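Okay, structure first, notes after.
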Amino acid sequence: GTIEYTFMAPIYRMTYLIGQCFFAVMYAILRSFLILILVAVFFNIDFSNANVSATIVLVFISSFSFLGMGLIAAVLPLLSPEKGAQATHIFQALVLLVSGVYYEVTVLPAWIRPLSYISPGTYTLRSIRRALLENASLADVRQDIFILIFIGIILIPLGLWIFSMAEKHAKRTGKLKRNG
């Protein structure tokens with residue numbers, strides 16, 4: 001359904017957001033595991049030395065940081081129901097850019113590199129690469145895990161607060177009304 005129908009549903013907002021977030025975490029873990037299997041099969045990659053259990057735990061832990069970012073990005077459809085959903089793709093592309101998905105963080109221009117330090121994607125990618133390619137244990141990547149937990153502790157309440165403020169603004173100004 002659309003966001004305005006979701007807001008009209010007789011359910012507490014926190015219940016709805018927790019349910020959506022729980023689904024997103026479980027979906028991320030399942031999808032990541034499925035992609036890992038498909039990549040191994042189609043590209044004949046040997047993951048026999050990979051620490052798959054650490055990878056699954058890392059995806060789970062990092063999901064909370066991404067949930068906070070997702071809550072912040074979810075404000076965009078609230079502020080502009082027609083264009084906000086597309087704007088979230090720009091947000092996603094920026095996170096991927098600064099996190100080292102396309103290029104190593106070290107080759108990014110100096111002015112954009114500081115953003116990689118606050119992106120949970122940087123720490124997630126680094127840790128998962130180490131777990132899959134170097135058989136790193138959770139103890140080996142504990143510094144990244146602590147950073148991801150810290151980012152999650154900051155971003156989830158911040159995201160909930162920003163979402164709450166945006167929801168109030170959208171309701172007050174009638175932004176949820178569709179024009180077509």
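Note: hydrogens, waters and symmetry copies are ignored here, and every other heavy atom, side chains too, is used. Predicted model only: the values in this text are computed from it and were never measured.
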Trace of the side chain to side chain contact (heavy atoms under 4.5 Å, CB included) decision for F150 with Y123: CA-CA 12 Å; F150 178 74; Y123 307 102; over 6 Å; no

With a 6.0 Å cut-off (strictly less than), is the heavy-atom count around [atom1] of [X], excluding the residue itself, greater than 12?
X: R129; atom1: CZ; answer: yes
X: R113; atom1: CZ; answer: yes
X: Q143; atom1: CD; answer: no

With clusters defined by side-chain heavy atoms of hydrophobic residues (ILVMFWY) lying less than 4.5 Å apart, directly or transitively, does [Y] cluster with [X]?
X: F66; Y: L36; value: yes
X: F146; Y: V57; value: no
X: F33; Y: I61; value: yes
X: I56; Y: I149; value: yes
X: I156; Y: M165; value: yes

From [X] [atom1] over to [Y] [atom2], what is the distance, rounded to the nearest 0.5 angstrom?
X: I118; Y: I147; atom1: CD1; atom2: CD1; value: 13.0 Å
X: I153; Y: L148; atom1: CD1; atom2: CG; value: 11.0 Å
X: F23; Y: L30; atom1: CZ; atom2: CG; value: 9.0 Å
X: E104; Y: S116; atom1: CD; atom2: OG; value: 10.5 Å

List the atom of [X], the atom of [Y], and the distance in Å for their closest heavy-atom pair.
X: R126; Y: D144; value: NH2-OD1, 2.6 Å
X: P77; Y: A74; value: CD-O, 3.1 Å
X: A131; Y: L58; value: CB-CD1, 4.1 Å
X: G159; Y: I72; value: CA-CG1, 3.6 Å
X: S127; Y: V141; value: OG-CB, 3.9 Å
X: G152; Y: S65; value: N-OG, 3.3 Å

Distance-only, no hydrogens or angles: does the [X] side chain make a donor-acceptor pair with backbone N or O of [Y] under 3.5 Å?
X: S99; Y: L96; result: no
X: S164; Y: L160; result: no
X: T55; Y: N51; result: yes
X: S119; Y: L115; result: no

Apply side chain to side chain contact (heavy atoms under 4.5 Å, CB included) to V101 and L97, showing your working. CA-CA 6 Å; V101 171; L97 174 69; over 6 Å; no

Going through the checks in order, is the side chain to side chain contact (heavy atoms under 4.5 Å, CB included) test met by F47 and L132? CA-CA 7 Å; F47 283 121; L132 289 176; 4.2 Å; yes

Could you tell me if the side chain of [Y] sits less than 4.5 Å from the side chain of [X], heavy atoms only?
X: L94; Y: V98; value: no
X: I29; Y: Y27; value: no
X: L155; Y: L158; value: yes
X: Q86; Y: L76; value: no
X: V95; Y: F91; value: yes

In terms of the angle between their ring planes, are F60 and F64 parallel, tilted or perpendicular, with boundaries placed at 30° and 60°?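 F60 and F64: perpendicular rings.
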
